[in-house]
Structure formats: structure tokens, C-alpha cells
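Protein chains get the first letters and strands the later ones, always in sequence-line order, with residue 1 at the start of each.
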2 protein chains.
Amino acid sequence: MTSDPPGAGKGRTAEPLPTQGPAAAKVLRPARTTATRQKLFDASMELIGERGAANVTVDEIATAAGVSKGTVYYNFGSKSELVAQLLRHGVDILKERLLTPGAGPAKDPLLAMEDMIGQAMDFMAQYPSFARLWVSENWRTPSEWQGTFTVLRSELLAVIAHAVENVAKAYPVDPTVSRGSLETAIFGACFVVGLDRQTYNPERTRDQSVAAIMAIMRGYVLRPHAAQE
Amino acid sequence: MTSDPPGAGKGRTAEPLPTQGPAAAKVLRPARTTATRQKLFDASMELIGERGAANVTVDEIATAAGVSKGTVYYNFGSKSELVAQLLRHGVDILKERLLTPGAGPAKDPLLAMEDMIGQAMDFMAQYPSFARLWVSENWRTPSEWQGTFTVLRSELLAVIAHAVENVAKAYPVDPTVSRGSLETAIFGACFVVGLDRQTYNPERTRDQSVAAIMAIMRGYVLRPHAAQE
DNA sequence: CTATTTGAACTGACCGGTCAGTTTAATTAG
DNA sequence: CTAATTAAACTGACCGGTCAGTTCAAATAG
């Protein structure tokens, strides 16, 4: 019997799954398990990002991670749950990056914004598979991960919103532009520009991409100084 | 015997597809076939857009179109080819919309740009499934539709590039911003903002979305007049 | 005008293969 | 000892693609 699956969500068998809190003991889990989960994250990020969740089999993921299929089910309970936790994992990394201050502590909000978008570009370059997974599975109407996306999306937008807020406090901005729509546009542009660079235009530099996206902010601010210092 | 499939790509045979210009003999095709293809386009756009190509069966598409599975293969040869032609079909519609002049013939390039983005928003609202299909399947690395996407993407970008070009001729623009990256950012923002409105923020208006995307252009232009005429 | 023919369009049962998920007994690591 | 992992077999459903047969509208014949 597969003793007591840690994070398993089980299938149809309505067994009680006694004292197993959802995401309780992540840190105190044995080192071996943590390593296994990391290998599975890496492998599935790569495979699912490239081909889409539906086009990758659990067997493939297990093999790529150098692990048996049973281990996948022992650790995650289902393919669907693996993907959900994969999304959460990626967003945690991205959020941490976005919140990393560029260099100095107190900085001009526009420069901070530029740093943040640069961080986003770096993330897209480092984890292109995550970006692909995100845009591929987001926006699906009755998606298995509908709830997951809603939560994660708002977490990321909150980070952007905070940066935009700081700009709006330091500069006169166009009041006719809806803040939410603007944030969405920035959010989307980061993903798409990052992915496009990866897929169709590898010759474009990181800074070119940042500058293009920053045009949104320069257009939002009524008159920074001269746009060309 | 299944006589001669019209548009069927057949499986492996590298068929020349003789005198088939993009939209050449569409009218002289028997009315029944044209109607059937339209029904199949409608049904698959809806289903594939919502759930992704891999999560929709040919049987489902056929049933939704009120047609038998065999008819799908008679008309398209394969599921893959159906999707490819579906993409082409959608892009043709979008391109036509984008090229539709707003109202007056000779217009201010920035206003023309605003019209164009408005057209894009309307398209996303009318065919959200196409937008979902596009962002879901684009950027996949060894995609079956890699070639299709490359062609279609450049066609759409050319339309945007032309509009941006007109702005650059009429206004002083920031020379440090890469034109290509800028176009990509606009392109991506249109899709993402349109989709986000559909999925997460239905309360946002079309004009809010257009304004947010237009911020990119206002940030690209060095100094239009006062940003708030 | 009616009967017959023709072939493109369409049908739907069927087949071979695939895949998610389950189970179990044995093995390994902490 | 116990939790984690393995390997392998198994199931039950599902799916893309095929194909022999049917329908139907238009052309042709009488």
C-alpha cells in the first residue's frame, strides 16, 4: 500500500485521508522528498511549457525527472494537482524577483518600474516554459485551474499595481486612463514581449524589450521631464 | 468510395495544392461545402478556443457543427489541418477589420492608430475564442502550426508596423525605442487586454482598454501637443 | 416533364493505439 | 522501524483516423 501520500488529492476513492493538512509541513519534509518534488517541477515545467499540459503524459514527466510514475502520484495525487502546484511554484519565484529592489533603497518610482520590468524580462528568459504555460492555460473558461489562476493573477497584479501607484504618487499622470487596464496591459506586454523574444526574435536585447514596455509608463505620465533626459 | 476531398491535406502525401490562392476559388465551391466548412469553423473556434486544441475531440467538433466525423476528414484531411485553416480564417477576418478605415479618409495617424486598436478590441470581444486559441498555441516550440503562426504573425505585425510608421512620419518619436519591440508590445497588449477583459474584468469598457494600450503610443511619441488636447 | 445516372458530399461504426490513474509487492533511505 | 520510492502490471475510457456504404442535387436521357 502506498502509505500516506503527503499532498495527494486522491481520485474517486472517498477514503478519509486522516490527519493530512493540505500544505502544512513543507519545510519539515524529508530532504529526499523535497529533492524529488523539485526534480518533478523542473521536468514538468520544461515539458508542459513546451507542449502544453494535455500533450504531456505523466510517464514522460516521471522519466524526465528520473523518477517513477508512482512517485508522481505519491507526491501530487494527480496530474492536475501537479500542474496547479507548478503554477504556484513559478509565481512564487516571479513575485520574489519582482519585489527584489534594483540596487539603491529609495529610488525614483519610474526607475524602480524599469527595474521591475527588467526583472520580469529576465524571468521570462530564464523560465520561458513557465511563461508559455501561463499564457497557454490562462483564459480558458472552464479550466481545471480556474481558481488557481484567479488567485495567482491577482497576486502578480498587486505587485504591479503597487509600483504603478508609486509612480502616480510621484508624477502627474493621465487621470482618464483606467489604472486596472493599464496594469493589465503592462502585465500582458511583459509576457508577450518576453515570449516573442524567445520564440521569434532572439536578436532583440533585454533592454530593447524593457524600453518598449516602459513606453506605456511614459505615456501614462503626463510630463516626466523630457523623455530623453 | 470517398471521391475527391476538396481541401483535404491528406496525411503524408505532399500535395501541391495547385491553383489555390489564399482566398481564390472560395465562391465557386459548391454551396453545401462552403456552408459545411463555415459550420465547422464556427464550432471548432468555439470549442478549441475554450478548451484548447488537444482537449477537444473531432467527434465533439463534428457533433457541434451538426455534421459527421467523416465530413471533417473529408473537408480538412486531419484535425491538425482543420486548426491551421481555422487560424488562417481568423487572421483574415482580423486583418480585414484592422485595415478598415475608421471614418474619414485622410486622418491623423495617432487617431488612426486609436481606431485600429479599437477595431482590435472589438474583434477580441466578438471572437474571444480565436484570441484564446492564438495565445494558447502560439509560442509552442515544436508546434504543429509553427509555420502557420510564423506567416500569420508577420502578416498581422505588418499591419501594425504600417500604422506605427505613419505615426513616426507625422510626429517626432523616441529613436531609442526599437520599432519591432514596440509593435510586439502593442500586438501582445491587444490580445491580453482583450482576453483579460473577457475573462476577468468584463466591467471594463472598450474605450478604457483602448486608452491603456494607446499609452504605449503616447509614450513613443516625444511630444504630441499636451497629451490632453 | 419524368426517369436515370453520376459523383461529390456525407455518414457512422469500427480499429489500433494511447493514456491517466490504480494497485501491489519489493526495495531503499533516514 | 517507517516513510519514501520503485517497477511493473493492469484497467477502462477515450480518441484520431479509416472506410464501406448512403444521400442528394444536378446533369443527362428519353
Between the opening five pairs and the closing five pairs of the helix from C:dC1-D:dG30 to C:dG30-D:dC1, how far apart are the helix axes, to 10°? 20°

Under the ring-ring contact (aromatic ring centres under 6.0 Å, His included) rule, collect the residues that match up with B:F149, sequence neighbours excluded. B:W134

I need the OH-C1' distance between B:Y74 and C:dG12, as an integer number of Å. 17 Å

For B:V72, does its backbone N or O pair with a side-chain atom of B:K79 as donor and acceptor, under 3.5 Å? no

Which of residues 52-59 of chain A have a heavy atom under 4.0 Å from DNA chain C? A:V56, A:T57, A:V58

Looking at B:W145 and B:R140, would you say the former's side chain and the latter's main chain have a donor-acceptor pair under 3.5 Å? no

If you measure from the Lys or Arg side-chain nitrogens to the Asp or Glu carboxylate oxygens, is any gap between B:R179 and B:E165 under 4.0 Å? yes

State whether the side chain of A:T100 and the backbone N or O of A:E96 hold a donor-acceptor pair below 3.5 Å, judged by distance alone. yes

Take the protein atom CD1 of A:I61 and the nucleotide atom C1' of C:dG21, then report the distance between them rounded to whole Å. 13 Å

How close or far is atom P of C:dA20 from atom CD1 of A:I48, stated in whole angstroms? 10 Å

Any B:T36 side-chain N or O less than 4.0 Å from OP1/OP2 of C:dC10: yes

Among the nucleotides C:dT22, D:dT6, C:dT11, whichever has the atom closest to the side chain of A:S68 is D:dT6

Proximity to the side chain of A:Y73 - top-ranked nucleotide from C:dA20, D:dG17, D:dT5: C:dA20

Would you tabulate the side-chain donor-acceptor contacts of residues 181-195 of chain B under 3.5 Å, counting partners in other chains and residues two or more places apart, or write 'none'?
unit_1	atom_1	unit_2	atom_2	d
B:S181	OG	B:S178	OG	3.1
B:T184	OG1	A:R204	NH1	3.0
B:T184	OG1	B:G180	O	3.0

Whole-Å distance between C:dG21 C1' and A:E81 CD? 15 Å

Rounding to an integer number of Å, can you tell me how far B:R37 CZ sits from C:dC10 P? 10 Å

Donor-acceptor pairs under 3.5 Å, side chain of residues 39-50 of chain A to any protein atom, not counting sequence neighbours: which ones?
unit_1	atom_1	unit_2	atom_2	d
A:D42	OD1	A:Q38	NE2	3.1
A:S44	OG	A:L40	O	2.3

Checking contacts here: which listed nucleotide (C:dT11, D:dT5, C:dG21) is nearest the side-chain heavy atoms of A:K79? C:dG21

B:K69 has an atom NZ; how far is it from atom P of D:dA20, in whole Å? 17 Å

Is any side-chain nitrogen or oxygen of B:N75 closer than 4.0 Å to OP1 or OP2 of C:dA8? no

Figure out the CG/P separation between B:L82 and D:dG17, and round it to whole Å. 11 Å

Between A:D122 and A:R97, does any side-chain N to carboxylate O distance fall below 4.0 Å? no

Pairwise salt bridge (Lys or Arg N to Asp or Glu O under 4.0 Å) hits with a residue in residues 55-71 of chain A, at least two apart: A:R51-A:E60, A:D59-A:K69

